[in-house]
Amino acid sequence: MKVLIPLDESEGSFYALKWALDHLFNYSPIDFPNNSQKQPHLITLLNVQHPFQPYIFAAGPVVYATPTVVDAVRKANEETATRIFFRALQMCKEKMIKAETLLVEGDPKDTICEVADEQHFDLLVIGSRGLGKIKRAFLGSVSDYCAHHVNCPILIVKPPKECSM
């Protein structure tokens, strides 16, 4: 089973990863004695970075960012992704589950659906911020968008009440 788990800096996405590790991949060494069989699951941890636009539409003329600014933003994005993947891979390692990472650039809601469809994942596990109906209508919801547009089964993991964001 190929499982895609998108992650960002939110606790909701890490809660979804933790939930998946605890509930979907909870098997013991008894299930596979002497490691005679390889792990039956493949987890892909996905981080989608918003593309940096090196220009700003101010009230007047268009202002372009200098190459130094563009490089600084790209470096900051890479460092953020590294922190996210390090934390997620540590969680997987503690459960003795192998995972691969995938870093892509684009609009998160569209990119998650595209990656899930193009790479033929069997399941998409995504966290929810637990927004109410009104906030979700104004702010939008990546998990709601994915639920309506992805072509594979999706599991939306809501955080517990005390962790709601």
Side-chain angles (χ1 to χ4, degrees), residues 1-28 39-53 69-165:
M1 178 166 67
K2 288 176 57 175
V3 179
L4 178 65
I5 304 177
L7 298 169
D8 59 13
E9 293 178 286
S10 71
E11 287 303 312
S13 68
F14 281 96
Y15 181 79
L17 173 61
K18 181 183 180 324
W19 191 95
L21 293 174
D22 290 344
H23 294 90
L24 297 178
F25 309 106
N26 191 13
Y27 51 86
S28 68
Q39 205 166 325
H41 304 290
L42 174 63
I43 298 178
T44 301
L45 305 170
L46 172 68
N47 180 251
V48 181
Q49 297 285 325
H50 286 280
F52 177 69
Q53 298 177 350
V69 172
V70 173
D71 289 341
V73 170
R74 288 187 199 277
K75 184 176 179 185
N77 284 345
E78 288 173 7
E79 289 173 358
T80 300
T82 300
R83 281 195 312 273
I84 290 168
F85 287 145
F86 179 78
R87 180 177 172 194
L89 289 171
Q90 284 299 112
M91 292 170 68
C92 293
K93 185 178 178 182
E94 288 171 6
K95 296 285 186 175
M96 296 186 298
I97 296 175
K98 289 185 179 182
E100 63 181 9
T101 60
L102 180 60
L103 176 63
V104 292
E105 195 173 88
D107 180 41
K109 62 183 194 271
D110 292 323
T111 306
I112 291 168
C113 292
E114 289 170 9
V115 168
D117 293 341
E118 289 171 2
Q119 296 191 19
H120 307 290
F121 281 93
D122 299 314
L123 178 65
L124 169 63
V125 178
I126 190 166
S128 172
R129 292 184 288 177
L131 298 177
K133 290 180 182 178
I134 294 172
K135 283 185 182 178
R136 190 170 50 241
F138 285 109
L139 298 175
S141 170
V142 173
S143 59
D144 186 58
Y145 181 89
C146 290
H148 290 93
H149 292 89
V150 75
N151 292 322
C152 69
I154 180 172
L155 174 65
I156 300 174
V157 181
K158 291 181 74 170
K161 293 280 185 196
E162 63 272 4
C163 293
S164 281
M165 285 147 228

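The basis for the numbers below is simple: all heavy atoms, side chains too, and nothing from hydrogens, waters or symmetry mates.
The shortest non-hydrogen separation linking Gly106 to Val48 is O-CG1, 3.3 Å. Across all their heavy atoms, Phe14 and Asp8 have their closest contact at CE1-O, 3.3 Å. The shortest heavy-atom contact between Ala99 and Cys92 is CB-SG, 3.9 Å. Closest non-hydrogen pair, Gln49 versus Leu103, comes out as CG-CD1, 3.6 Å. Listed here is the closest heavy atom pair of Ile112 and Pro6: CD1-CB, 3.7 Å.
Screening Lys2, Lys98, Met1 against Leu42 for a side chain to side chain contact (heavy atoms under 4.5 Å, CB included) leaves a single residue, Lys2. When Val142, Val157, Asp144 are each tested for a side chain to side chain contact (heavy atoms under 4.5 Å, CB included) with Ile126, only one passes: Val142.
A distance of 5.0 Å separates CD1 in Ile5 from CG in Leu17, rounded to the nearest 0.5 Å. A distance of 10.0 Å separates CD of Glu100 from CD1 of Ile43, quoted to the nearest 0.5 Å. To the nearest 0.5 Å, atoms CZ (Phe85) and CG (Asn47) are separated by 5.0 Å. Distance CD1/Ile84 to CG/Leu7: 7.0 Å, rounded to 0.5 Å. With rounding to the nearest 0.5 angstrom, the CG atom of Leu155 is 8.5 Å from the CG atom of Leu124.
The shortest distance between side-chain heavy atoms of Cys146 and Ile156 does not fall below 4.5 Å. In this structure the side chain of Glu105 reaches within 4.5 angstrom of the side chain of Arg74, judged on heavy atoms. Put simply, the side chain of Phe121 reaches to within 4.5 Å of the side chain of Thr44, judged on heavy atoms. Side-chain atoms of Leu102 and Val115, non-hydrogen and from C-beta on, do get closer than 4.5 Å to each other.
The stretch residues 75-94 participates, sequence neighbours left out, in these salt bridge (charged side-chain N to carboxylate O under 4.0 Å, His left out) pairs: Glu9-Arg83, Glu11-Arg87. Applying the side chain to side chain donor-acceptor pair (under 3.5 Å) test to every pair with at least one member in residues 112-127, sequence neighbours left out, gives these pairs: Asp117-Asn151.
Taking the ring pair (Phe, Tyr, Trp, His ring centres under 6.0 Å) definition, one finds that His149 meets it with Tyr145, sequence neighbours left out.
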Between Asp22 and Lys95, does a salt bridge (charged side-chain N to carboxylate O under 4.0 Å, His left out) hold up when you go through it step by step? CA-CA 8 Å; Asp22 290 344; Lys95 296 285 186 175; 2.7 Å; yes
Taking it one step at a time, do Leu24 and Leu123 satisfy side-chain contact (heavy atoms from CB on, under 4.5 Å)? CA-CA 11 Å; Leu24 297 178; Leu123 178 65; 3.8 Å; yes
Is there a side-chain contact (heavy atoms from CB on, under 4.5 Å) between Leu89 and Thr101? Walk through the geometry before answering. CA-CA 9 Å; Leu89 289 171; Thr101 60; 3.9 Å; yes
May I have the step-by-step check of side-chain contact (heavy atoms from CB on, under 4.5 Å) for Leu4 and Val125, ending in yes or no? CA-CA 6 Å; Leu4 178 65; Val125 178; over 6 Å; no
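With hydrogens and angles disregarded, no donor-acceptor distance shorter than 3.5 Å links the side chain of Thr111 to the backbone of Pro108.
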